[in-house]
Chemist: 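There's a structure below that I have some questions on.
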Number of protein chains: 2
Amino acid sequence: MSPSTPLSVQKDSIGVLIGLVRSELVRKMEAELQASGVELRFTQFLILKRLALVGPMSASELARSVELDGGAMTRQLDQLEGKGLLRRHPHEQDRRALRIELTPAGDAMWRQMTPCNDRVLEAAQKALDPTEREQLRDYLERVLHALRDKN
Amino acid sequence: MSPSTPLSVQKDSIGVLIGLVRSELVRKMEAELQASGVELRFTQFLILKRLALVGPMSASELARSVELDGGAMTRQLDQLEGKGLLRRHPHEQDRRALRIELTPAGDAMWRQMTPCNDRVLEAAQKALDPTEREQLRDYLERVLHALRDKN
DNA sequence: GAAATATATTTGTCAAGGCAAATATGTTCT
DNA sequence: AGAACATATTTGCCTTGACAAATATATTTC
């Protein structure tokens with residue numbers, strides 16, 4: 001009965017597309033982590049990754065760098081500290097702040113996770129050649145800057 | 001003391017980049033909606049958009065098309081039906097299912113929102129020329145397919 | 001230097017979404 | 001047809017994250 005030309009042929013906007021890509025990335029990353037025996041959610045993975053790559057920083061710097069609310073960060077830190085993956089030290093210059101630091105166990109965990117991360121990123125980009133990967137990154141950066149430019 | 005070449009010069013992975021772009025898009029879209037006097041969250045906007053563009057469909061089709069859990073969809077439909085923007089009709093062929101349909105008010109709401117949507121997408125892409133926009137979409141679609149391809 | 005203001009962390013509260021169980025129908029297999 | 005299985009919707013439960021208030025400390029202003 002229905003004609004073979006549904007209205008739904010209309011393409012997704014890049015807004016929708018980006019949402020879909022992101023949720024697939026998160027899903028795949030969490031699956032990889034679980035398959036590697038790592039009991040971490042995506043957000044926790046991001047936090048450890050940040051600490052591993054950038055080094056110790058305060059909780060609010062960390063929160064900003066992974067776009068997480070400060071309150072939510074406190075609770076994530078509770079969990080990760082509970083697992084022994086990081087520690088809260090007093091900040092040297094600022095007595096309000098903390099210095100969040102990976103423990104050796106946290107560092108080991110990061111080394112265990114990094115292949116997962118690489119596999120997912122590689123899988124995502126497997127249909128793109130190096131030039132195209134470069135361009136995709138460039139376009140995304142330009143979109144991000146355009147969105148952050150007020151007005 | 002610290003050298004002016006911090007480790008953090010390292011670029012974000014495209015994974016991180018996509019997450020950032022998405023959250024900016026959502027933020028901006030919700031701001032636009034609110035500025036236009038539309039009391040809807042991003043998810044609700046997506047649901048109405050889908051119904052407006054594709055036409056009536058069952059709750060589970062709708063859930064799949066916006067990547068939302070079935071249970072969450074039920075509750076969103078409760079809210080949107082409560083606001084008079086859509087209605088649940090019995091499905092013609094399948095007595096388990098519903099046929100979700102925009103009301104005239106829902107359709108009017110969509111027409112009120114569509115300029116917001118256009119403004120945000122335009123703002124996001126304002127630094128890209130038409131060819132680049134085309135390419136960005138193409139790359140994202142290829143990434144999405146690559147991620148969905150099992151293995 | 002005291003007051004006003006800004007920032008860091010924590011905690012409470014709430015809304016949203018994922019998952020699992022319950023129920024009602026469909027579909028497939030034999 | 002009957003059994004086994006798959007799908008649609010709803011509901012309960014739990015986790016996560018946003019927002020706001022509270023507290024402590026820094027920074028700026030006068």
Side-chain angles (χ1 to χ4, degrees), chain A residues 19-20 22-31 33-34 39-48 50-51 56-83 86-101, chain B residues 19-20 22-31 33-34 39-48 50-51 56-83 86-101:
Chain A
L20 294 177
R22 190 193 113 91
S23 63
E24 286 296 334
L25 278 174
V26 173
R27 210 192 317 282
K28 193 145 195 149
M29 190 64 215
E30 293 197 331
L33 288 175
Q34 197 155 23
E39 296 268 318
L40 293 178
R41 304 302 305 273
F42 186 72
T43 300
Q44 303 180 323
F45 154 75
L46 282 183
I47 292 171
L48 292 190
R50 204 73 186 178
L51 285 172
M57 67 185 83
S58 79
S60 49
E61 287 177 289
L62 196 49
R64 277 191 297 272
S65 78
V66 301
E67 294 251 301
L68 189 63
D69 172 80
M73 180 56 74
T74 292
R75 285 175 272 246
Q76 291 296 343
L77 293 179
D78 290 344
Q79 287 191 43
L80 293 169
E81 193 171 33
K83 294 185 187 203
L86 55 79
R87 249 175 292 173
R88 289 186 242 226
H89 297 286
H91 194 287
E92 304 262 312
Q93 291 90 36
D94 188 340
R95 282 195 302 166
R96 293 168 302 180
L98 302 170
R99 174 188 161 91
I100 312 293
E101 205 177 282
Chain B
L20 294 176
R22 189 194 114 90
S23 64
E24 286 296 334
L25 279 173
V26 172
R27 210 191 318 283
K28 193 144 196 150
M29 191 63 217
E30 293 197 330
L33 288 175
Q34 197 155 23
E39 296 268 318
L40 292 178
R41 305 302 304 273
F42 186 72
T43 301
Q44 303 180 324
F45 154 75
L46 282 183
I47 292 170
L48 292 190
R50 203 72 186 179
L51 285 172
M57 67 184 85
S58 78
S60 48
E61 286 177 290
L62 196 49
R64 276 191 298 271
S65 77
V66 301
E67 295 251 300
L68 189 62
D69 172 79
M73 180 56 74
T74 292
R75 285 174 274 246
Q76 292 296 344
L77 293 179
D78 290 344
Q79 288 192 46
L80 293 169
E81 193 171 33
K83 294 184 185 201
L86 55 79
R87 248 174 293 172
R88 289 186 241 224
H89 296 286
H91 195 288
E92 302 265 311
Q93 291 89 37
D94 187 340
R95 283 195 300 167
R96 294 168 302 178
L98 301 171
R99 174 188 161 92
I100 312 294
E101 205 177 283

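These numbers come from a predicted model, not from an experiment. Chain letters run A, B, ... following the sequence lines, proteins first, then strands; residues in each count from 1.
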Chemist: Can you tell me which nucleotide in dT11(D), dG17(D), dT9(C) comes closest to the side chain of Leu68(A)?
Modeler: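 The answer is dG17(D), which lies nearest to the side chain.
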
Chemist: Heavy atoms under 4.0 Å, any strand shown: does Gln79(B) hit a base, just sugar-phosphate, or nothing?
Modeler: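 Counting heavy atoms under 4.0 Å across all strands, the contact made by Gln79(B) is with sugar-phosphate only.
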
Chemist: Does any donor-acceptor pair link the side chain of Arg41(A) with the base of dG17(D) at a separation under 3.5 Å?
Modeler: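 When only heavy-atom distances are counted, Arg41(A) does not reach the base of dG17(D) through any donor-acceptor pair under 3.5 Å.
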
Chemist: Taking Ser58(B)'s backbone N and O only, do any of them form a donor-acceptor pair with Glu61(B)'s side chain (distance below 3.5 Å, no angle check)?
Modeler: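 Yes; judged by distance alone, with no hydrogens or angles, the pair exists.
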
Chemist: Would you say dT10(D) has OP1 or OP2 under 4.0 Å from some side-chain N or O of Arg96(B)?
Modeler: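 No, because none of the side-chain N or O atoms of Arg96(B) sits under 4.0 Å from OP1 or OP2 of dT10(D).
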
Chemist: Can you see if the side chain of Arg95(A) gets near the phosphate of dA26(D) - specifically, an N or O under 4.0 Å from OP1 or OP2?
Modeler: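 Yes, because at least one side-chain N or O of Arg95(A) sits under 4.0 Å from OP1 or OP2 of dA26(D).
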
Chemist: Within this structure, what is the CD-to-P distance between Glu67(A) and dG17(D), rounded to whole angstrom?
Modeler: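 It works out to 13 Å between those atoms.
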
Chemist: Between Arg22(B) and Glu24(B), does any NZ, NE, NH1 or NH2 come within less than 4.0 Å of an OD or OE carboxylate oxygen?
Modeler: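 Answer for the salt bridge query: no.
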
Chemist: Counting distance only, does the side-chain N/O of Glu67(A) pair as donor-acceptor with the main-chain N or O of Ser23(B) below 3.5 Å?
Modeler: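 No: the side chain of Glu67(A) does not pair with the backbone of Ser23(B).
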
Chemist: Could you tell me whether the phosphate oxygens of dT9(D), OP1 or OP2, come under 4.0 Å of any side-chain nitrogen or oxygen in Ser60(B)?
Modeler: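 Indeed, a polar side-chain atom of Ser60(B) lies that close.
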
Chemist: Could you tell me the separation between the CD atom of Gln93(B) and the P atom of dT27(C), rounded to a whole number of Å?
Modeler: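 Value for this atom pair: 10 Å.
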
Chemist: Nearest to the side chain of Arg64(A) - dT11(D), dT10(C), dA8(C)?
Modeler: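 It is dA8(C).
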
Chemist: I'd like to know if the side chain of Glu81(A) reaches the main chain of Arg87(A), judged simply by a donor and an acceptor atom lying under 3.5 Å from each other, with no hydrogens or angles considered.
Modeler: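 The answer is no, because no donor-acceptor pair under 3.5 Å joins these two groups.
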
Chemist: From the options dA26(D), dA8(D), dT16(D), select the nucleotide whose nearest atom is closest to the side chain of Asp94(A).
Modeler: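 For Asp94(A), the side-chain atoms sit closest to dA26(D).
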
Chemist: Side chain of Ala59(B) only, heavy atoms from C-beta on: which candidate in dT9(D), dG18(C), dT13(C) is closest?
Modeler: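 Comparing dT9(D), dG18(C), dT13(C) against the side chain of Ala59(B), the answer is dT9(D).
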
Chemist: What is the distance from CZ of Arg75(A) to P of dT11(C), rounded to the nearest Å?
Modeler: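 Nearest whole value for this atom pair: 9 Å.
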
Chemist: Taking Gln44(A) for the side chain and Arg41(A) for the main chain, is one N or O donor matched with an acceptor at less than 3.5 Å?
Modeler: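 A pair under 3.5 Å: yes.
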
Chemist: Could you tell me the separation between the CD atom of Glu30(B) and the P atom of dA18(D), rounded to a whole number of Å?
Modeler: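 Rounding to the nearest Å, CD of Glu30(B) and P of dA18(D) are 11 Å apart.
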
Chemist: With a 4.0 Å cutoff (strictly under), does any side-chain N or O of Thr43(A) reach OP1 or OP2 of dT16(D)?
Modeler: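 Thr43(A) to dT16(D) OP1/OP2: no side-chain N or O under 4.0 Å.
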
Chemist: Whole-Å distance between dT25(C) P and Leu98(B) CG?
Modeler: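 So the two atoms are 12 Å apart, to the nearest Å.
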
Chemist: Can you tell me which nucleotide in dA8(D), dA26(D), dG17(D) comes closest to the side chain of Ala72(A)?
Modeler: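 It is dG17(D).
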
Chemist: Judged by each residue's nearest nucleotide on DNA chain D, which is more toward the 5′ side, Asp69(A) or Arg88(B)?
Modeler: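 Final value for this comparison: Arg88(B).
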
Chemist: Using whole Å, report how far CD1 of Ile47(B) lies from P of dA16(C).
Modeler: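 Distance, rounded to whole Å: 11 Å.
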
Chemist: Mind calculating the distance between CZ (Arg22(B)) and P (dG17(D)) to the nearest angstrom?
Modeler: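 Atom CZ in Arg22(B) sits about 13 Å away from atom P in dG17(D).
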
Chemist: Ignoring hydrogens and angles, does a donor from either the side chain of Arg27(A) or the base of dG17(C) sit under 3.5 Å from an acceptor on the other?
Modeler: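 In this structure, the two groups form no donor-acceptor pair.
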
Chemist: Could you grab the distance from atom CD1 of Ile47(B) to atom CD1 of Ile100(B), nearest 0.5 Å is fine?
Modeler: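 Result: 9.5 Å between the selected atoms.
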
Chemist: Rounded to the nearest angstrom, tell me the gap between atom CG in Leu77(B) and atom C1' in dT11(D).
Modeler: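 Going from CG in Leu77(B) over to C1' in dT11(D) covers 14 Å.
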
